[in-house]
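Below is one structure, written out as structure tokens, with a few remarks after it.
In each ligand, atom 1 is the first atom listed, and ligand 1 is the first ligand listed. A quick note: this is a predicted structure, and the numbers were derived from the prediction, not measured.
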Amino acid sequence: MTPVLALSRSISRTISNDFITAWKQAHPEDTVAYRDLGHHPVPHVDEPWIAAAFTPPPERSPELNEAIKLSDALVDEFLAADCYVFGVPMYNFNVPSTFKAYIDQIVRVGRTFAVNEQGFEGLVNSSKKMLVITARGGSYQQGTPAATYDLQEPFIRAIFELIGITDITFIHVDNLTSAREQSLTSAREAIQEVVAHW
Ligand SMILES: Cc1cc2nc3c(=O)[nH]c(=O)nc-3n(C[C@H](O)[C@H](O)[C@H](O)COP(=O)(O)O)c2cc1C
């Protein structure tokens with residue numbers, strides 16, 4: 001369970017929670033699987049994980065099966081979802097390492113992407129939509145000099161497009177250092193747009 005204090009401090013949690021609340025009002029029959037990577041980080045991949053990921057399942061030893069068990073569960077959870085909502089702070093122009101660790105666990109050859117003669121092939125159903133709500137102290141709007149420092153949106157687009165998800169919407173809750181209230185208001189308006197049009 002997420003501590004209330006963290007929800008009220010954290011902009012990415014607060015705004016993604018606002019989205020889920022608005023979505024559930026519009027779609028009360030939908031269920032939400034919630035994962036807080038900040039409070040409950042998943043491990044980084046390690047040598048046994050790599051050995052297991054590149055060993056065909058029938059040939060894995062019990063140790064290799066154990067090493068890849070959590071990743072398999074995370075992939076299963078990811079593939080079972082109909083759509084995705086990520087709340088992602090910007091850390092040093094990119095995603096937090098906790099989110100990167102999660103991506104390393106779910107971007108798996110043979111499970112979420114394949115390599116064939118044409119190159120990479122995403123194995124996730126391409127009709128699935130993704131919403132990414134970022135929280136940023138500064139602003140990195142396209143067309144401004146600061147845009148080149150935004151390594152977050154290009155990375156997220158590239159890695160999820162690799163596994164097949166191309167319909168990705170971003171809501172950047174930016175300028176939180178200098179214009180917090182205005183930014184929160186804009187984000188909440190953007191949420192209503194997404195709920196109405198998804
Ligand atoms: C370790 C760290 C690194 C950060 N790096 C950046 C940055 O590169 N650019 C930026 O605009 N804001 C940066 N920030 C500000 C956060 O993006 C901002 O406070 C955001 O609201 C954090 O998300 P949260 O409120 O959900 O915790 C950084 C904050 C922390 C704690």
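Environment of CD in Gln141: sparse, with no more than 12 heavy atoms of neighbouring residues, nucleotides or ligands closer than 6.0 Å. Dense packing is recorded around CD of Glu29, with more than 12 heavy atoms of other residues, nucleotides or ligands lying under 6.0 Å away.
Using a 30° and 60° split on the angle between ring planes, Phe78 and Phe86 fall in the parallel class, below 30°.
For the residue pair Glu121 / Asn116, a side-chain donor-acceptor distance below 3.5 Å is found, with atom types taken as modelled.
With salt bridges taken as basic N to acidic carboxylate O contacts below 4.0 Å, none links Asp82 and Lys128. Using a 4.0 Å cut-off between charged nitrogen and carboxylate oxygen, Asp174 and Arg180 do not count as a salt-bridge pair.
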Please tabulate, line by line, the atom pairs linking an N/O of ligand 1 to a protein N/O at a distance below 3.5 Å, with the distance in Å to 0.1, or answer 'none'.
residue, atom, partner, partner atom, Å
ligand 1, 5 (N), Asn92, N, 2.9
ligand 1, 8 (O), Asn92, N, 3.1
ligand 1, 8 (O), Phe93, N, 2.8
ligand 1, 9 (N), Tyr140, OH, 2.8
ligand 1, 11 (O), Gly137, N, 3.1
ligand 1, 11 (O), Gly138, N, 2.8
ligand 1, 11 (O), Tyr140, OH, 2.7
ligand 1, 12 (N), Gly137, N, 3.1
ligand 1, 14 (N), Met90, O, 3.4
ligand 1, 17 (O), Met90, O, 2.7
ligand 1, 17 (O), Ala135, O, 3.2
ligand 1, 25 (O), Ile11, N, 2.8
ligand 1, 26 (O), Ser10, OG, 2.7
ligand 1, 26 (O), Ile11, N, 3.3
ligand 1, 26 (O), Ser12, N, 2.9
ligand 1, 26 (O), Ser12, OG, 2.5
ligand 1, 27 (O), Arg9, NH1, 3.2
ligand 1, 27 (O), Arg9, NH2, 3.1

